[in-house]
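One structure is given here, and the rest of the page talks about it.
Quick caveat: nothing in here was measured; it's all calculated off a predicted structure.
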Amino acid sequence: MGYAEQRFNVNLSILFTELPLVERPAAAAGAGFTAVELWWPWVDSPTPERSELNALKQAIEDAGVQLTGLNFYAGQLPGPDRGALSIPGEESEKFRANVDVAADFAQSLGCKALNALYGNRVENVDPAEQDALALQNLSLAARAADRIGATLLIEALNRRESPLYPLLSAPAAIAIVDKVNEATGLDNARFLMDLYHLSMNGEDLPSLIKQYAAQTGHVQIADNPGRGAPGTGTLPLEDLLDQLNKAGYEGWVGLEYKPGARPSAEAFDWLPREARAAR
């Protein structure tokens with residue numbers, strides 16, 4: 001099948017970051033893409049001014065691209081944080097304040113996937129306390145996603161880059177997916193399968209694909225080592241995406257890689273332009 005058969009979107013929080021936020025959707029469209037995704041763009045504000053939300057919404061609409069994925073507030077990302085929802089106090093309060101803001105923004109653009117990063121372990125806080133708080137907040141997020149007909153995504157990261165993050169394997173993330181679905185009865189929580197993070201953890205990717213494709217709501221890719229574009233490392237990404245297709249995955253594949261020293265617009269030479277528009 002190959003790359004030409006996939007539905008790709010561009011993550012505008014890691015690509016085109018040399019441009020102001022509101023210019024990135026048009027840049028992605030200029031490179032031939034018709035779909036984009038975002039981490040929460042306002043790292044210092046879970047509840048930005050309406051004018052800021054409207055400006056980004058207008059930029060996405062003017063560019064003619066579809067927003068297909070959005071993170072809930074996750075703290076300083078990129079930066080030291082890996083989410084806020086399991087961190088007692090101010091950070092989890094910010095997450096809760098953000099839930100409906102993010103869901104409403106997603107709904108305004110027809111976005112059907114919301115990613116909730118779990119958050120790092122905190123020194124001198126009982127992990128069981130963090131996990132109980134996480135389940136409460138993930139259930140809140142799942143209900144907000146359900147209100148707009150969206151999926152709640154839960155992601156595993158990699159141990160080397162995120163040593164304090166507790167979901168460091170596919171089974172660990174799947175266990176949280178199952179707990180959230182059991183707690184809410186909504187069955188709208190799904191696994192975000194990031195092939196870069198899972199490969200960094202040394203997991204058996206073909207086995208994970210066979211085992212978890214049915215519970216996967218979104219896929220993200222970057223090559224390893226380096227977190228660069230496909231072809232810059234050694235991951236057989238084209239083959240792995242074919243395996244996902246054969247296992248029944250029909251969703252989006254997010255391009256969440258670093259462009260390197262070149263401008264982002266030059267970081268897509270691995271993908272023919274005619275294969276970039278979503279089909």
Arg143 bridged to Asp100 by N-O distance under 4.0 Å: no

Salt bridge present between Asp104 and Arg147 (N-O < 4.0 angstrom): yes

Assess the side chains of [X] and [Y]: does a donor N or O sit below 3.5 Å from an acceptor N or O?
{"X": "Thr151", "Y": "Arg190", "answer": "no"}
{"X": "Asn9", "Y": "Gln66", "answer": "no"}
{"X": "Trp39", "Y": "Glu256", "answer": "yes"}
{"X": "Glu18", "Y": "Ser264", "answer": "yes"}

Are the side chains of [X] and [Y] in touch, meaning some heavy atoms are under 4.5 Å apart?
{"X": "Val101", "Y": "Leu53", "answer": "yes"}
{"X": "Leu21", "Y": "Leu38", "answer": "yes"}
{"X": "Leu167", "Y": "Glu155", "answer": "no"}
{"X": "Leu237", "Y": "Gln6", "answer": "no"}
{"X": "Ile14", "Y": "Tyr257", "answer": "no"}
{"X": "Trp42", "Y": "Leu56", "answer": "yes"}
{"X": "Glu5", "Y": "Leu241", "answer": "no"}
{"X": "Glu203", "Y": "Pro171", "answer": "yes"}

Taking [Y] as the starting point, is it possible to reach [X] by hopping between hydrophobic residues whose side chains are less than 4.5 Å apart?
{"X": "Val122", "Y": "Leu77", "answer": "no"}
{"X": "Ile87", "Y": "Ile154", "answer": "no"}
{"X": "Tyr73", "Y": "Leu133", "answer": "no"}

Closest contact, heavy atoms only, [X] versus [Y]:
{"X": "Pro48", "Y": "Glu52", "answer": "CB-OE2, 3.8 Å"}
{"X": "Ala150", "Y": "Ala113", "answer": "CB-N, 4.2 Å"}
{"X": "Ala170", "Y": "Tyr212", "answer": "CB-CE1, 3.9 Å"}
{"X": "Val180", "Y": "Ala142", "answer": "CG1-CB, 4.0 Å"}
{"X": "Asp242", "Y": "Gly2", "answer": "OD1-N, 2.9 Å"}
{"X": "Ala59", "Y": "Val22", "answer": "CB-O, 3.3 Å"}

Positive for ring pair (Phe, Tyr, Trp, His ring centres under 6.0 Å) with Phe72, one of Trp40, Phe105, Phe95: Phe95

Candidates Phe268, Phe8, Trp252 - the one meeting ring pair (Phe, Tyr, Trp, His ring centres under 6.0 Å) with Phe33: Phe268

Between the side chain of [X] and the main-chain N/O of [Y], is any donor-acceptor distance below 3.5 Å?
{"X": "Arg276", "Y": "Ala31", "value": "yes"}
{"X": "Ser92", "Y": "Leu85", "value": "no"}
{"X": "Gln130", "Y": "Asn120", "value": "yes"}
{"X": "Tyr3", "Y": "Trp270", "value": "no"}
{"X": "Ser139", "Y": "Leu135", "value": "yes"}
{"X": "Tyr165", "Y": "Ala156", "value": "no"}
{"X": "Asp223", "Y": "Gly228", "value": "no"}
{"X": "Ser162", "Y": "Arg159", "value": "no"}
{"X": "Thr234", "Y": "Asn224", "value": "yes"}

Just how far is it from atom [atom1] of [X] to atom [atom2] of [Y], taken to the nearest 0.5 Å?
{"X": "Arg24", "Y": "Ile60", "atom1": "CZ", "atom2": "CD1", "result": "11.0 Å"}
{"X": "Lys112", "Y": "Asn188", "atom1": "NZ", "atom2": "CG", "result": "12.0 Å"}
{"X": "Leu153", "Y": "Asn71", "atom1": "CG", "atom2": "CG", "result": "8.5 Å"}
{"X": "Leu152", "Y": "Leu192", "atom1": "CG", "atom2": "CG", "result": "10.5 Å"}
{"X": "Leu70", "Y": "Leu109", "atom1": "CG", "atom2": "CG", "result": "9.0 Å"}
{"X": "Ser86", "Y": "Arg121", "atom1": "OG", "atom2": "CZ", "result": "6.5 Å"}

Evaluation steps, salt bridge (charged side-chain N to carboxylate O under 4.0 Å, His left out), between Glu182 and Lys179: CA-CA 5 Å; Glu182 181 180 0; Lys179 286 182 180 180; over 6 Å; no

Chi angles and distances behind the side-chain hydrogen bond (donor to acceptor under 3.5 Å, both in side chains) call for Asp239, Gln243: CA-CA 6 Å; Asp239 180 57; Gln243 292 178 44; 2.7 Å; yes

Stepwise side-chain contact (heavy atoms from CB on, under 4.5 Å) test for Thr184 and Asp146: CA-CA 10 Å; Thr184 65; Asp146 180 69; over 6 Å; no

Working for side-chain hydrogen bond (donor to acceptor under 3.5 Å, both in side chains), residues Asn158 and Asn201: CA-CA 6 Å; Asn158 76 76; Asn201 287 330; 6.0 Å; no

Members besides Tyr196 in its Ile/Leu/Val/Met/Phe/Trp/Tyr cluster (side-chain heavy atoms under 4.5 Å): Met200

Val43: hydrophobic cluster co-members (side-chain, 4.5 Å): none

Derivation and outcome, side-chain contact (heavy atoms from CB on, under 4.5 Å), residues Arg160 and His197: CA-CA 9 Å; Arg160 184 180 303 175; His197 287 305; over 6 Å; no

